[in-house]
Visitor: 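Here it is, the structure, as structure tokens.
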2 protein chains.
Amino acid sequence: MSMIKLPTRVTLVEVGPRDGLQNEKTPIATAIKVDLCKQLIEAGIQRLEAAAFVSPKWVPQMADGTDVLAGLKAMPSLNSYKVSYSALVPNLKGMEAAIEAGVQEAVVFTAASEAFTAKNINCTIAESIERFRPVAELARAHNIHLRGSISCALGCPYQGEVPIQSAAEVALRLQDIGVQEFDVADTIGIGTALRVSQVFEAVGKQVGLNRVAGHFHDTYGQALANILAALQLGVSTFHSSIAGLGGCPYAKGATGNVATEDVVYLLHGMGIETGLDLHKLVSTGAWISGTIGKPYGSRSGRALWSRKNV
Amino acid sequence: MSMIKLPTRVTLVEVGPRDGLQNEKTPIATAIKVDLCKQLIEAGIQRLEAAAFVSPKWVPQMADGTDVLAGLKAMPSLNSYKVSYSALVPNLKGMEAAIEAGVQEAVVFTAASEAFTAKNINCTIAESIERFRPVAELARAHNIHLRGSISCALGCPYQGEVPIQSAAEVALRLQDIGVQEFDVADTIGIGTALRVSQVFEAVGKQVGLNRVAGHFHDTYGQALANILAALQLGVSTFHSSIAGLGGCPYAKGATGNVATEDVVYLLHGMGIETGLDLHKLVSTGAWISGTIGKPYGSRSGRALWSRKNV
């Protein structure tokens, strides 16, 4: 294996409370979200996507973003932890709400596929990014770290194949409006390792791999192999979701995020530091799965939990 | 990614009918096994582990090995396929039965962990291999391709860590009695990519990587990342099990083999030929899962099946 570029330390951005719970049919109670975030922080998570300031009419699951963040900030036991909270913001109104709620990071989103933006937000990729220009300006004015999510970087449900260079071109455009970190996402989990290597290398050439994060879904079981391919390029930031929250692996059109526990198992096994306590993550993963009535969606989590190695 | 040594073609040894169904609590009817093997062959499988000639007192699930092979050989529609059938043989009696049944390959088995052989077969690794010497001689006399399975190469349920060199030392001993192919197995699915790289490199130095096969379990979700690491060394033979048969992923102590469908999805995605028809594999995987009353244990299989892409 090419180990030359393997990072010695990896940062995980935990997206379960947002990208995960957003896909639950029934909104989860605010108190449960706060408890989940608290447990994740106690397990060592330092970057936490906790909310989406989107229209509650469209996404009722995320209507309580302000309350979740307020709940966390009101918790004295979390005072000693350094956490950067992030939120998805679709527009200026969302960014204002995020600032009000006190996030440290905000996420704007577009795609590497024209068919996807046309279908989902009724505009071209370029237009979608231009619309974020005032949002980015507001972020800069408030010293908010701005991330740009690039969906469908490895394939699109509408157009199928996405050219290798597309994500890199989108990253450049996002950089132009002030985006500081680039979340390259395999939204439908369709990519495989060689393509990952090619796409991330292309993005890295444009904006620097130290500003690129990998966001993988395990729909086709490829997420860890894809993460390994990205690690070998030197990518050192990944998104993951506790218990694989974010789509039931047993349902039609499953879209599960890669499970945090599985990624940590891989990284620790390779001697790569994460600052995370895998045992605490596993008990958190088992707890949230039971609480929302789902089978526990992490393989290493299930294995460790069932063996009471935790 | 280091792509220099990536093979252009990979051979999968399908172990579902043996390693998979052996772990079912209730023995599966012979007719179902024959049908499963037939479908796998029609999907392109050319190396098929179809039986284990072990004591029916200990492993009643495998008592019908002779009948399974006879059933397959009696099927005119399979005449045009070139298939190498293999069987697990624990001793001379088993090898005699395997020869009688007309297999092309036989598998003897030991482990890379002294604690494992002590506990499971009450002898040292070296003793376990010496016992196979007459078995190997009989195989050679009948021109049977002899494989040696090296369990626990990446970790052991009893002794925990297994030294990197252990599998390589065992491979040398196996080679000494006449073993021609070395199945390096992560029996409990506990290994991660870097260790895989180290262990397989060590084995390859002793016996040549072209005679090494990777046998991975997905218990901790690591199988595809581990296969990727082995591919990057140039390993071009892997074991896999249709639908991930071989341990329920939802049960305590889950020990599922990596699903054939997931491996094929990875390989085809990387442009590596397998000679296999993924769509046929997926319908076979969905069929056998339903037939034995299990949830379909392949992620890419579920995704493709639910999308009716097959």
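Here is how names work: the chains are called A, B, and so on, in the same order as the sequence lines, proteins then strands, and each is numbered from 1.
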Visitor: Using heavy-atom distances under 4.5 Å, tell me whether Ile190(B) contacts chain A through its side chain, its backbone, both, or neither.
Guide: both

Visitor: Top residue by heavy-atom pair count (under 4.5 Å) with chain A, among Gly189(B), Gly191(B), Ala225(B), Ala230(B)?
Guide: Ala225(B)

Visitor: Tell me every residue that passes side-chain contact (heavy atoms from CB on, under 4.5 Å) with Glu169(B), counting only those two or more places apart in sequence or in another chain.
Guide: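 If we apply the side-chain contact (heavy atoms from CB on, under 4.5 Å) test to Glu169(B), skipping adjacent residues, the hits are Gln165(B).
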
Visitor: For chain B, which of Ala259(A), Ser300(A), Ala223(A) has the most heavy-atom pairs under 4.5 Å?
Guide: Ser300(A)

Visitor: Tell me, out of Gly301(A), Gly221(A), Gly271(A), who's got the most heavy-atom pairs with chain B below 4.5 Å.
Guide: Gly221(A)

Visitor: What pairs with Thr237(A) under side-chain contact (heavy atoms from CB on, under 4.5 Å), at least two apart in sequence or on another chain?
Guide: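 Per chain and number, Thr237(A) pairs via side-chain contact (heavy atoms from CB on, under 4.5 Å) with Thr11(A), Val13(A), Arg47(A), Glu181(A), Ala213(A).
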
Visitor: Would you sort out whether Met270(A) and Leu228(A) count as a side-chain contact (heavy atoms from CB on, under 4.5 Å), showing the intermediate values?
Guide: CA-CA 10 Å; Met270(A) 293 179 72; Leu228(A) 179 60; 3.7 Å; yes

Visitor: Indicate whether the side chain of Thr274(A) and that of His268(A) have a donor and an acceptor atom separated by less than 3.5 Å.
Guide: yes

Visitor: Should the ring pair Tyr265(A) and Tyr220(B) be called parallel, tilted or perpendicular, given that the plane angle runs from 0 to 90° and is split at 30 and 60?
Guide: parallel

Visitor: Output the option from Val196(A), Leu266(A), Leu224(A), Asp262(A) having the highest count of non-hydrogen pairs under 4.5 Å with chain B.
Guide: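 Result: the option with the highest number of such pairs is Leu266(A).
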
